[in-house]
Amino acid sequence: MESAHVSEVRLCVDGVDHTARIDNRTTVLDLLREHLGVTAPKKGCDHGQCGSCTVLLDGRRVTTCLSFAVAHDGAEIVTAAGLASGDDLHPVAQAFLDHDGFQCGYCTPGQICSAIGMLDELKSGAPSHVTDDLEDTPELTDEEIRERMSGNLCRCAAYPNIVAAIHQGAR
């Protein structure tokens, strides 16, 4: 690789600092999976349409297959694997387990990260396409959850269980 097309990127992933020299066209997903060995985010469509690669990047949910790593030098990334506190699962991850919010499990890490990011967006008062009253903080209805999670696909169609898990995780 020519040095004009290579950059050094520093990231904190799940609480661990990493430095990597990468091609400038490397996505965050490829950096995580291929360079750092972090496999919680999955490569599904590689077009930002399925959500299986979703992580929390500086506290916001991001589809990593569409994000260039060089644009996020110094960022903090939390994957589904980094959400646990010791042996205790994150409340949203526990809710997915309690409600069988997965079948094959392929989309689950992205679903969980997206759900956490979505709940933070809701808490901050960010409206969605289906929010009734733009003046008040949106309510966590099934319709709000389905709209806000619409970028995360589940090929096993565990959607009713995912909605139930998000309701529990929000509590």
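The analysis underlying the following values was restricted to heavy atoms, covering all of them including side chains, and did not include hydrogens, waters or symmetry mates.
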Do Q49 and L153 touch side chain to side chain, with heavy atoms closer than 4.5 Å?
-> no

Do you see a donor-acceptor pair shorter than 3.5 Å between the side chains of H72 and D58?
-> no

Name all residues meeting the salt bridge (charged side-chain N to carboxylate O under 4.0 Å, His left out) criterion together with E147; count only those two or more places apart in sequence or in a different chain, and write none if there are none.
-> none

Check whether any side-chain heavy atom of C113 lies under 4.5 Å from a side-chain heavy atom of R61, and answer yes or no.
-> no

Is there a donor-acceptor pair closer than 3.5 Å between any side-chain N or O of T26 and the backbone N or O of L31?
-> no

Heavy atoms, side chains only, cut-off 4.5 Å: are F68 and N24 in contact?
-> no

Which atom pair, heavy atoms only, marks the closest approach of C104 to R155?
-> SG-NE, 3.8 Å

side-chain contact (heavy atoms from CB on, under 4.5 Å) between V163 and I166: does it pass, once the steps are laid out?
-> CA-CA 5 Å; V163 170; I166 292 171; 5.9 Å; no

Could you check V62 against V28 for side-chain contact (heavy atoms from CB on, under 4.5 Å), going step by step and ending with a plain yes or no?
-> CA-CA 10 Å; V62 171; V28 174; over 6 Å; no

Drop me the distance from D142's CG to H167's NE2, to the nearest 0.5 angstrom.
-> 4.0 Å

Would you name the heavy atoms of A115 and V92 that are closest together and state the gap between them?
-> CB-CG1, 4.0 Å

With ILVMFWY side chains joined below 4.5 Å, transitively, what does L97's cluster contain besides itself?
-> L89, F102

State yes or no: do V55 and V78 share one hydrophobic cluster built from I, L, V, M, F, W and Y residues joined by side-chain heavy-atom distances below 4.5 Å, directly or via other members?
-> no

Check whether any side-chain N or O of S128 sits under 3.5 Å from a backbone N or O of V130 as a donor-acceptor pair, and report yes or no.
-> yes

Side-chain (D17) to main-chain (C12) donor-acceptor, under 3.5 angstrom = no

Hydrophobic cluster membership, L29 vs L56, 4.5 Å side-chain cutoff = no

Yes or no on side-chain contact (heavy atoms from CB on, under 4.5 Å) for E139 and E144, after CA distance, side-chain angles and deciding distance?
-> CA-CA 7 Å; E139 284 186 50; E144 279 286 345; 5.8 Å; no

Are any non-hydrogen side-chain atoms of E8 and D73 less than 4.5 angstrom apart?
-> no

Side-chain contact, heavy-atom cut-off 4.5 Å: S7 with R21?
-> no

What distance do L83 atom CG and D14 atom CG have between them, rounded to the nearest 0.5 Å?
-> 7.5 Å

Using the side-chain contact (heavy atoms from CB on, under 4.5 Å) rule, take R146 and Y159 through it: C-alpha gap first, then chi angles, then the decisive distance, then the call.
-> CA-CA 8 Å; R146 286 191 293 272; Y159 298 115; over 6 Å; no

Under 4.5 Å between any side-chain heavy atoms of H90 and I112, yes or no?
-> no

Side chain to side chain, T131 and R148, heavy atoms closer than 4.5 Å | yes

Distance in Å, I162 CD1 paired with C107 SG, rounded so as to fall on 0.5 Å steps | 5.0 Å

Determine whether L119 and L140 make a side-chain contact, defined as any pair of heavy atoms from C-beta on separated by less than 4.5 Å.
-> yes

Side-chain donor/acceptor of T79 to backbone N/O of P41, under 3.5 Å | no

Which pair of heavy atoms, one from C50 and one from G44, lies closest together, and at what distance?
-> SG-CA, 3.8 Å

Of all the heavy-atom pairs spanning A40 and A80, show the shortest one and how long it is.
-> CB-N, 4.4 Å

Calculate, to the nearest 0.5 Å, the distance between atoms CE and NZ belonging to M118 and K123 respectively.
-> 11.0 Å

What's the shortest heavy-atom distance between C65 and C53, and which atoms?
-> N-SG, 3.3 Å

Which atoms form the tightest heavy-atom contact between A164 and H99, and what is the distance?
-> CB-ND1, 3.6 Å

Return yes if some donor-acceptor pair links the side-chain N/O of T27 with the main-chain N/O of D30 below 3.5 Å, else return no.
-> yes

Going from OG1 on T64 to CD1 on I77, what distance comes out if it is rounded to the nearest 0.5 angstrom?
-> 8.0 Å

Kindly say whether V6 contributes a backbone atom to a donor-acceptor pair with the side chain of D23 at under 3.5 angstrom?
-> no

SG (C154) and CD (Q111) are apart, to the nearest 0.5 Å, by 6.0 Å

